[in-house]
Amino acid sequence: FFAMESLFEYSPEVAEALKNGSAIVALESTIISHGLPYPDNEKLANELEDIVRAQGAVPATIALMHGKICIGLSKENLHLLSSPTSKVHKVSRRDIPFVLAEGSIGATTVAATSLLAAKAGIRLFATGGIGGVHRDGHVTMDVSADLTELGKTCIAIVSAGVKSILDIGRTLEFLETQGVTVVGYGADEFPAFFTAASGYKAPCRLDTPEQCASLIYYNELLNLESGVIIANPIPSEMAADGELIEKAIQQSLKEVEEKAIVGRDITPYILKRVAELTEGKSLAANLALVKNNAKVAGQIAVQLAQKKKT
């Protein structure tokens with residue numbers, strides 16, 4: 001039988017960190033290939049890795065490269081993912097076998113990154129925001145695979161809540177049903193990606209990296225086989241005008257319906273339109289929160305590694 005481990009290819013930096021029980025933070029690759037134009041995407045990819053390292057942790061950007069699951073990417077592979085001339089699949093859980101069989105390049109979403117990080121023994125992952133229940137999702141059944149993955153995978157994700165283009169209330173209800181622990185990091189309110197305010201209370205609150213590391217430690221120790229969301233609000237000085245963004249979201253949602261855009265194409269279209277309609281304010285907020293999440297995740301990872309060694 002073909003051993004699963006032979007599919008995994010680790011960068012020397014990540015392999016050493018796993019061997020020594022050092023702090024590691026997983027990073028997704030969809031933000032590189034599908035989130036920003038070139039060369040801004042490559043610049044961000046390197047910045048996020050540097051931010052994680054600055055906290056004392058090792059970054060593990062994850063992607064599928066020519067039949068291998070890469071945990072930690074070389075500069076060459078980061079460039080390949082970033083290049084506008086590369087054909088890169090957007091890979092969720094369901095797409096992993098296809099892209100491996102095809103031997104092509106795949107950028108991992110939150111769901112796929114969570115799954116592959118956990119299989120590699122990495123328990124912490126930083127991203128911008130997670131997917132959720134779409135508006136009218138109770139009618140269309142359009143629910144992100146990120147949520148079901150969190151219900152069955154032992155991973156902790158530092159994110160700025162769920163994207164504000166989604167139904168936040170139903171997303172929180174769904175996460176509760178899936179048994180996912182949702183924490184407001186230094187905040188009582190669950191953040192709405194671009195802004196710290198959503199109108200929804202976070203189920204619980206923690207205020208320090210040490211507290212978050214302890215929660216992740218016990219989640220793994222108990223083998224709950226479900227995930228944790230550390231909902232880290234965008235800093236107030238970086239937050240875009242929530243009212244302006246909400247107005248842009250409503251207009252974008254109307255356009256989605258008029259143009260009959262469906263499935264995985266909805267979110268990229270809306271985010272692009274919102275950036276246009278807000279004259280870049282939402283994009284600036286997006287970049288700020290992703291970097292802030294990488295910083296917080298690095299700090300938590302260091303505390304988690306220390307706790308596991310004591």
Side-chain angles (χ1 to χ4, degrees), residues 28-38 40-41 44 84 88-92 95 107-113 127-150 157 159-175 190-200 229 231 233-234 238-291 293:
E28 62 161 298
S29 47
T30 296
I31 194 171
I32 305 170
S33 61
H34 294 78
L36 291 170
Y38 181 83
D40 296 339
N41 54 353
L44 178 66
V88 182
H89 293 285
K90 186 177 180 181
V91 178
S92 190
D95 308 302
T108 53
T109 63
V110 169
T113 305
T127 186
I130 64 167
V133 179
H134 281 255
R135 300 189 186 200
D136 296 325
H138 57 295
V139 176
T140 64
M141 296 298 291
D142 193 350
V143 178
S144 171
D146 298 353
L147 304 188
T148 50
E149 194 62 52
L150 276 161
I157 301 180
S159 83
V162 301
K163 296 180 177 74
S164 51
I165 60 177
L166 305 171
D167 187 324
I168 295 174
R170 285 192 171 93
T171 298
L172 288 170
E173 289 288 350
F174 194 93
L175 287 167
F190 186 77
F193 194 68
F194 293 118
T195 66
S198 69
Y200 293 91
I229 294 175
I234 185 171
M238 301 176 187
D241 184 341
E243 190 175 326
L244 175 67
I245 292 176
E246 185 59 32
K247 185 178 179 181
I249 287 170
Q250 293 300 330
Q251 181 174 331
S252 302
L253 286 167
K254 186 178 179 182
E255 291 175 11
V256 163
E257 191 173 338
E258 290 170 349
K259 295 182 179 182
I261 298 170
V262 296
R264 63 172 60 190
D265 296 324
I266 292 174
T267 298
Y269 175 84
I270 292 177
L271 291 176
K272 180 171 180 283
R273 283 295 289 141
V274 169
E276 292 169 354
L277 293 167
T278 60
E279 298 179 343
K281 286 184 179 179
S282 65
L283 179 58
N286 194 343
L287 295 176
L289 65 85
V290 173
K291 293 175 185 178
N293 291 344

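Among residues two or more places apart in sequence or in another chain, the salt bridge (charged side-chain N to carboxylate O under 4.0 Å, His left out) test is passed with Glu279 by none. Applying the ring pair (Phe, Tyr, Trp, His ring centres under 6.0 Å) criterion to His34, with sequence neighbours excluded, gives no partner residue.
For the atom pair CD1 (Ile245) and CZ (Phe193), the distance works out to 9.5 Å, reported to the nearest 0.5 Å. Summarising the geometry, atom CG belonging to Leu271 is positioned 8.5 Å from atom CD1 belonging to Ile249; distances are rounded to the nearest 0.5 Å. The distance from the CZ atom of Phe190 to the OG1 atom of Thr171 is 7.5 Å, given to the nearest 0.5 Å. Residue Tyr200 holds its OH atom at 7.0 Å from CD1 of Ile168, rounded to the nearest 0.5 Å. Note that the CG atom of Leu283 and the CG atom of Leu287 stand 4.5 Å from one another [nearest 0.5 Å]. Between atom CG of residue Leu253 and atom CD1 of residue Ile270 there is a gap of 4.5 Å, rounded to the nearest 0.5 Å.
Of all heavy-atom pairs between Ala196 and Pro233, the closest is CB-CB, 3.8 Å. Shortest non-hydrogen contact noted between Ala107 and Ser33 is CB-OG, 3.0 Å. Minimum interatomic distance between Thr30 and Thr109 (heavy atoms only, all atoms of both residues): OG1-N, 3.2 Å. Taking every heavy atom of both residues into account, Ser92 and Ala111 meet most closely at OG-CB, 3.7 Å.
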- Go through the steps to decide whether Thr127 and Ile157 satisfy the test side-chain contact (heavy atoms from CB on, under 4.5 Å), and finish with yes or no. CA-CA 7 Å; Thr127 186; Ile157 301 180; 3.7 Å; yes
- Stepwise side-chain contact (heavy atoms from CB on, under 4.5 Å) check, Leu44 with Lys291: CA-CA 9 Å; Leu44 178 66; Lys291 293 175 185 178; 3.9 Å; yes
- Message: Set out, in order, the CA-CA distance, both residues' side-chain angles and the distance that settles side-chain contact (heavy atoms from CB on, under 4.5 Å) for Asp95 and His89, then state yes or no.
- Response: CA-CA 9 Å; Asp95 308 302; His89 293 285; over 6 Å; no
- Message: For Asp142 and Ile266: C-alpha separation, side-chain torsions, deciding distance, then whether side-chain contact (heavy atoms from CB on, under 4.5 Å) applies.
- Response: CA-CA 11 Å; Asp142 193 350; Ile266 292 174; 3.9 Å; yes
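In Lys90, the NZ atom is crowded: over 12 heavy atoms of neighbouring residues, nucleotides or ligands sit closer than 6.0 Å. Atom CD of Glu257 sits in a sparse spot, with 12 or fewer heavy atoms from other residues, nucleotides or ligands closer than 6.0 Å.
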Give the table of side-chain donor-acceptor pairs shorter than 3.5 Å for residues 131-139, with sequence neighbours excluded, one pair per line with atom names and distance.
residue : atom : partner : partner atom : Å
Arg135  : NE   : Ile165  : O            : 3.2
Arg135  : NH2  : Ser164  : O            : 2.9
Arg135  : NH2  : Glu246  : OE2          : 3.4

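The backbone N or O of Leu289 sits less than 3.5 Å from a side-chain atom of Asn293, completing a donor-acceptor pair. Although no hydrogens or angles enter the test, the distance criterion places no donor-acceptor pair under 3.5 Å between the side chain of Thr108 and the main chain of Glu28. Distance alone, capped at 3.5 Å, places no donor-acceptor pair between the Thr113 side chain and the Val110 backbone. Distance alone, capped at 3.5 Å, places no donor-acceptor pair between the Ser198 side chain and the Ala192 backbone.
A 4.5 Å side-chain heavy-atom check between Lys281 and Phe194 finds every atom pair outside the cut-off.
Among Leu175, Val162, Leu147, the single residue meeting the side-chain contact (heavy atoms from CB on, under 4.5 Å) criterion with Ile229 is Leu175.
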